[in-house]
There are 2 protein chains.
Amino acid sequence: MVQARQTKQQAAIDRVIAHSARPLSPGEILAKARRQIPTLSLATVYRTLRRLEESGSAARVEIPGQPPRFESRLAAGTHHHHFVCQVCDRVYDIPGCARGIEALAPAGFTVESHEIVLFGRCGACVGGG
Amino acid sequence: MVQARQTKQQAAIDRVIAHSARPLSPGEILAKARRQIPTLSLATVYRTLRRLEESGSAARVEIPGQPPRFESRLAAGTHHHHFVCQVCDRVYDIPGCARGIEALAPAGFTVESHEIVLFGRCGACVGGG
DNA sequence: GTTAATGCAAAAGCTTTGCACGCGG
DNA sequence: CCGCGTGCAAAGCTTTTGCATTAAC
């Protein structure tokens with residue numbers, strides 16, 4: 001059912017996400033993609049992100065208290081979590097995962113997935129007091 | 001510094017949160033509090049929630065992908081996390097916490113706080129297939 | 001009597017959607 | 001050519017804010 005057309009807008013958005021080392025918000029994606037396609041609209045960014053998300057090319061990253069961000073599935077790889085620097089506001093990918101975290105669920109509950117977000121100071125901001 | 005006036009709106013909102021076993025959204029809080037104060041406005045709910053949050057009486061619970069909810073500090077007690085049932089959409093408090101979770105942070109990073117959300121099926125929904 | 005808090009409504013973000021046109025296949 | 005994808009603008013939602021009034025102290 002891939003009636004998807006390979007438009008340059010979509011390609012540009014895909015490229016922006018793939019090239020980013022960290023999850024980007026729709027606005028950031030728009031700004032970066034407009035360097036390639038100045039007429040790109042925010043609506044198209046949202047529509048394309050939804051499509052990328054559904055097709056599995058991009059993953060939505062929800063940081064509590066912040067607007068949604070998106071990252072490339074390719075760049076992100078597999079299961080991982082996120083670290084939010086409260087100083088520079090950057091969001092980092094964390095490769096590992098806490099084993100046995102599902103044991104936290106009450107008896108009789110079934111855990112299907114989980115989300116872990118660490119807040120603190122990144123390496124660049126720890127030194128800065 | 002406490003120039004706060006003890007209004008019945010604030011008291012009602014506080015009561016609603018304190019009596020709830022799970023985090024409530026601003027809209028839910030408004031609906032419940034209006035049973036006591038029919039003229040209560042949503043704006044007041046937001047303003048009061050902000051005050052309660054600042055004073056430490058209430059805590060904001062951010063579930064990724066969902067609007068913010070609020071719970072009572074008193075009811076919630078201390079450090080805990082949340083379980084989101086993907087069937088009935090309820091949010092449960094989880095008493096425990098994964099020890100050593102801060103070790104996930106990259107070297108040189110400082111962790112100040114963290115957020116854990118489990119997704120799955122609650123006890124009531126596991127049986128329902 | 002002061003003045004913080006409220007209620008209404010308008011405003012401000014962010015995200016979605018309707019519609020006509022253009023481009024991809 | 002056919003119709004999906006785009007761009008624009010308007011609509012929807014949630015949250016915030018301005019202002020006059022109300023009520024707490």
Side-chain angles (χ1 to χ4, degrees), chain A residues 1-18 23-71 84 89 91, chain B residues 1-17 22-71 84 89 91:
Chain A
M1 73 138 283
V2 182
Q3 326 179 326
R5 292 179 180 179
Q6 191 53 9
T7 66
K8 39 183 168 295
Q9 286 87 347
Q10 211 172 115
I13 291 170
D14 209 5
R15 204 175 306 131
V16 165
I17 295 177
L24 299 174
S25 69
E28 289 173 316
I29 293 170
L30 175 66
K32 297 201 177 210
R34 270 198 171 155
R35 292 182 199 150
Q36 301 168 50
I37 303 175
T39 62
L40 184 65
S41 71
L42 187 55
T44 294
V45 172
Y46 276 103
R47 280 187 283 231
T48 301
L49 284 175
R50 191 191 303 168
R51 252 179 251 126
L52 291 176
E53 197 183 351
E54 286 169 359
S55 74
S57 302
R60 177 185 295 249
V61 177
E62 300 262 12
I63 303 295
Q66 291 190 22
R69 294 156 187 261
F70 292 82
E71 68 184 356
V84 182
D89 218 49
V91 177
Chain B
M1 61 117 230
V2 182
Q3 325 179 321
R5 292 179 181 181
Q6 189 57 11
T7 67
K8 41 181 167 291
Q9 285 87 348
Q10 210 174 115
I13 292 170
D14 208 6
R15 205 175 305 132
V16 165
I17 295 177
R22 61 192 185 82
L24 299 174
S25 70
E28 290 173 316
I29 293 170
L30 175 67
K32 296 200 177 212
R34 271 198 170 156
R35 293 182 199 149
Q36 301 169 49
I37 303 176
T39 62
L40 183 66
S41 72
L42 188 54
T44 294
V45 171
Y46 276 102
R47 280 187 282 229
T48 301
L49 284 175
R50 190 192 303 166
R51 252 179 249 127
L52 291 176
E53 198 182 351
E54 286 169 358
S55 73
S57 302
R60 177 185 299 247
V61 177
E62 299 262 11
I63 304 295
Q66 292 189 20
R69 294 157 187 260
F70 292 82
E71 69 184 358
V84 182
D89 218 51
V91 178

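Chain letters run A, B, ... following the sequence lines, proteins first and then strands; every chain starts at 1. Note that the structure is a prediction, hence the values are computed from the model and not measured. Only heavy atoms go into these numbers, but all of them, side chains included; no hydrogens, no water, no symmetry mates.
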Nearest-angstrom distance from the residue atom CG of A:Leu49 to P of D:dT6: 11 Å

Phosphate OP1/OP2 of C:dA5: any B:Arg50 side-chain N/O under 4.0 Å: no

N or O in side chain of A:Gln9 less than 4.0 angstrom from D:dG7 OP1/OP2: yes

Expected output: side-chain A:Ser55 to main-chain A:Leu52 donor-acceptor under 3.5 Å: yes

Side-chain N,O (B:Thr39) to OP1/OP2 (C:dG7) below 4.0 Å: yes

Sugar-phosphate, base or nothing in reach of B:Leu42, heavy atoms under 4.0 Å: base

Presence of donor-acceptor pair under 3.5 Å, side chain of B:Arg5 and base of D:dC25: no

Any A:Thr44 side-chain N or O less than 4.0 Å from OP1/OP2 of D:dG7: yes

N/O donor-acceptor pair, side chain A:Arg47 with base D:dG5, under 3.5 angstrom: no

Phosphate OP1/OP2 of C:dT6: any B:Thr7 side-chain N/O under 4.0 Å: yes

Any A:Lys8 side-chain nitrogen or oxygen under 4.0 Å from OP1 or OP2 of C:dG24: yes

Touch class at under 4.0 angstrom, heavy-atom based, for A:Pro68 against every strand present: sugar-phosphate

N/O (side chain, B:Arg51) to phosphate O (OP1/OP2, C:dT6) under 4.0 Å: yes

